[in-house]
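The block underneath contains the structure these notes are about, expressed in structure tokens.
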Amino acid sequence: MRVLPDQTGIAKTFDYVVPEAWVGRVGVGSRVRIALGPRRVGAWVTEVDVDPPAGVTLKPLAKLSGHGPSAELIELARWAQWRWAAKTPVPFLRTASPERNVDGLPARPARTHPAAAVADPVVGPLLADALSGGPTVLRLPPTADLAAVAQGAASLGDALVICPSHRMARHLAVRLRRAGVPVALHPDEWARAAAGGCTVIGTRAAAWAPVPDLAAVVVLDEHDEVHQEERSPTWHARDVVVERARRRGVPCVLTSPMPTLEALRFARLVRADRATERAGWPATVVADRTEEPPGRNALFSPQLVDVVRSGARVLCVLNQKGRAALLGCAGCGEIVRCDACHAAVAKPGDELVCRRCGTTRPVICATCGSIDLKVIRMGVNRVVEDLEALSGERVVAVTAETPAAEVDSARLYVGTEAVLHQVGRADVVAFLDLDQELFAPRYRAAEQALGLVARAARIVGGRGEGGRVLLQTRAPEHEVCRAALLGDPERVAVVEDERREMLGFPPHIALAEVGDQAGEAFVAALVESAPPEVQVQGPVDGAWRVKAPDHQVLCDSLAAVHRPSGRLRLSVDPLRV
DNA sequence: CGGACAAGCTGA
DNA sequence: CAGCTTGTCCGG
């Protein structure tokens with residue numbers, strides 16, 4: 001048998017003989033252990049009945065560990081290796097394998113009766129169209145019931161449903177089970193999924209879940225960046241399942257209130273009529289701050305004051321990104337400053353670094369010697385105080401660490417975008433400084449800003465349910481504000497697409513980033529061998545950008561380069577550019 | 001990946 | 001030339 005060792009540094013297969021006793025129990029996809037040189041390592045069986053290379057004496061497989069990815073997923077891993085220019089398929093096969101050894105599969109649930117038709121008034125009428133033919137983008141308002149989409153897919157047979165969060169996956173599993181659909185939650189119920197007869201629900205990694213009789217694929221909130229792996233290889237669950245569905249010839253639906261331009265490029269758009277879509281976005285008030293001089297009270301528009309005084313439950317979002325976060329000492333309360341120049345210091349890694357002069361020192365308070373230093377959310381804390389003064393009520397500052405009990409104890413909340421995850425219900429979400437989002441130095445800034453509005457919509461509800469969003473901005477005519485006002489994400493898509501085309505950014509081209517020690521040698525070899533339509537730019541901050549007309553050309557060119565020794569960072573479709 | 005072994009540098 | 005580091009190759 002031919003096996004691939006479970007070691008990222010070995011991009012090579014080896015042949016072994018199967019011990020007599022295991023014949024029939026081991027095949028393509030089995031997890032095994034092998035003697036490789038002086039040690040034993042895990043491996044996947046990738047081929048059977050092979051002709052071993054001449055002149056090598058085969059050792060027997062050392063151990064049979066259990067079930068692993070099917071032949072279909074091993075093939076898909078090879079494709080992903082090409083698509084994200086990975087050195088080996090190993091990271092994908094790991095994701096496709098169970099967390100613990102699985103040696104037997106549970107009984108397959110009997111399919112009782114076909115699930116009833118989906119009655120949801122927004123989703124229902126669109127499902128048949130969305131689930132027919134090749135990949136589709138199903139643009140639904142943010143308040144649409146996503147469980148209805150999952151249920152529609154499950155009515156075709158065993159579906160694979162990819163969610164942006166584990167929370168949503170669990171919630172959906174409960175909803176579908178209640179509707180009589182057998183469900184396996186990935187990765188906990190890997191064996192149940194592998195046995196078949198279930199709809200499989202999970203997050204990004206579930207793109208690699210076993211679904212032997214796959215009948216349909218759904219990606220929920222396709223625009224959400226969590227669907228992409230941040231570490232190299234930077235694979236995207238959407239692209240993996242679109243390819244998986246294509247190979248199986250099954251329907252594939254990508255839902256989103258504001259689909260990415262990438263998805264719209266290869267998928268057919270299905271959407272609700274204008275009135276239905278608009279009704280599913282919250283009523284939006286744009287507070288124009290153009291006339292307001294910059295300063296602390298720039299964060300409180302008359303519209304915000306009205307809302308706070310109205311008695312409504314209000315969530316204020318203030319993004320810290322790009323702003324100097326201060327460190328405070330938990331021991332003595334002092335602001336931690338630079339020894340040399342007394343400017344505030346930051347802690348980007350394991351040391352304190354001065355923002356002004358770059359001096360570094362260990363993480364310790366110079367006044368009292370404490371090592372317990374906390375980030376002070378200056379902006380949020382100040383707004384909390386001012387809002388308490390304004391309302392005469394207690395205001396809760398919400399961070400990722402705020403305990404759930406406290407989160408529900410007040411009427412007014414202030415926090416970074418974490419509040420949008422932590423507070424479940426409110427009447428109004430107010431973005432105190434939307435311009436932080438609109439003008440952030442990221443090429444997806446506009447999409448991400450509208451993404452926050454969509455997330456707020458899930459908390460406050462659509463305009464029919466009284467949901468309200470307040471956007472404080474100095475750019476009231478910005479397409480994100482227009483899109484939110486009209487409940488029409490197309491406003492952002494059109495402008496953004498033109499901008500990307502002009503700047504030569506995805507999805508109009510395929511992009512990769514090359515860096516680290518071996519980057520220069522790699523790029524030199526690439527320029528030598530790649531066709532002329534592949535352009536290399538840089539280096540900027542030690543990294544090169546590789547642009548090609550499409551992924552076929554880009555990935556073929558990257559795969560053709562012999563990798564020089566030394567550390568190499570290679571990210572196809574990098575998240576931050 | 002991790003061990004083996006070879007080729008280069010240092011010190012007496 | 002031993003003793004150590006650095007690099008390249010190989011495993012079935």
Side-chain angles (χ1 to χ4, degrees), chain A residues 1-71 73-101 205 208 229-235 514-526 528-529 542 558-572:
Chain A
M1 275 186 178
R2 189 153 287 168
V3 305
L4 177 71
D6 183 355
Q7 308 267 247
T8 44
I10 309 176
K12 206 178 146 188
T13 57
F14 297 86
D15 296 339
Y16 289 81
V17 291
V18 182
E20 289 292 327
W22 305 357
V23 174
R25 289 199 297 143
V26 54
V28 172
S30 294
R31 285 278 292 165
V32 294
R33 287 188 78 77
I34 54 169
L36 185 68
R39 63 218 165 95
R40 276 190 172 199
V41 297
W44 295 275
V45 175
T46 58
E47 262 178 278
V48 295
D49 302 327
V50 293
D51 291 326
V56 291
T57 30
L58 303 191
K59 294 181 182 178
L61 295 172
K63 184 175 176 267
L64 176 55
S65 310
H67 291 268
S70 62
L73 287 174
I74 292 174
E75 280 305 305
L76 192 67
R78 292 228 168 84
W79 170 82
Q81 178 189 355
W82 167 82
R83 175 63 176 71
W84 285 280
K87 196 157 59 169
T88 77
V90 166
F92 305 112
L93 293 177
R94 282 184 185 163
T95 310
S97 299
E99 286 173 332
R100 283 176 298 279
N101 287 348
W208 299 95
E229 171 67 54
E230 294 174 57
R231 292 165 307 182
S232 187
T234 50
W235 59 277
V514 181
D516 264 355
Q517 274 98 47
E520 186 160 16
F522 183 92
V523 162
L526 178 71
E528 198 64 26
S529 64
L558 294 174
V561 175
H562 174 75
R563 289 179 186 238
S565 62
R567 277 196 2 201
L568 179 69
R569 189 169 49 79
L570 192 46
S571 3
V572 175

## Note on the structure
So CZ of A:Arg569 and CG of A:Asp516: to nearest 0.5 Å the spacing works out to 6.0 Å
### Query
Between A:Arg40 (CZ) and C:dG12 (P), how many Å, whole number?
13 Å
### Task
Starting from P on C:dC10, measure out to CG on A:Asp15 and report it in whole angstrom.
17 Å
### Message
Just checking A:Glu520: does its CD atom have more than 12 heavy atoms from other residues, nucleotides or ligands closer to it than 6.0 angstrom?
### Response
no
### Query
Distance from A:Glu47 atom CD to A:Met1 atom CE, nearest 0.5 Å?
11.0 Å
#### Entry: DNA chain B: 5'-most and 3'-most nucleotides touching chain A, 4.0 angstrom heavy-atom criterion
B:dC1 to B:dG3
### Other residues, nucleotides, ligands: >12 heavy atoms within 6.0 Å of A:Gln517 CD
yes
### Query
NA contact type, A:Pro53, heavy-atom cut-off 4.0 Å: base, sugar-phosphate, or nothing?
base
### Query
So, A:Trp22 and A:Ser30: side-chain donor and acceptor under 3.5 Å apart, yes or no?
no
### Gap between atoms NZ and P, on A:Lys59 and C:dC10 respectively (whole Å)
16 Å
### Task
Scan A:Gly37 against the nucleic acid and name what it touches under 4.0 Å (heavy atoms): base, sugar-phosphate only, or nothing.
sugar-phosphate
### Message
Rounding to an integer number of Å, can you tell me how far A:Arg39 CZ sits from C:dG12 C1'?
### Response
14 Å
### Message
Which residues pass the side chain to side chain contact (heavy atoms under 4.5 Å, CB included) test with A:Ala518, not counting sequence neighbours?
### Response
A:Pro564, A:Leu568
### Summary
Within residues 517-526 of chain A, those residues having any heavy atom closer than 4.0 Å to DNA chain B are none
### Query
Base, sugar-phosphate, or nothing: which does A:Thr57 touch, judged by heavy atoms less than 4.0 Å apart?
sugar-phosphate
#### Entry: Interatomic spacing from CZ in A:Arg31 to CG in A:Leu64 - rounded to 0.5 Å
11.0 Å
### Query
Would you call the rings of A:Phe92 and A:Trp84 parallel, tilted or perpendicular if under 30° counts as parallel and over 60° as perpendicular?
tilted
#### Entry: Selected nucleotide, minimal atom distance to A:Ile10 side chain, candidates C:dG11, C:dG12, C:dT8
C:dG11
### Query
If you look at every strand shown and take non-hydrogen atoms under 4.0 Å, does A:Pro38 touch a base, only sugar-phosphate, or nothing?
sugar-phosphate
### Spacing between A:Phe14 atom CZ and C:dC9 atom C1', to the nearest angstrom
12 Å
### Query
If you measure from CZ on A:Arg2 to CG on A:Asp51, what distance do you get to the nearest 0.5 Å?
8.0 Å
### Query
Rounded to whole angstroms, how far apart are CD on A:Gln7 and C1' on C:dC10?
14 Å
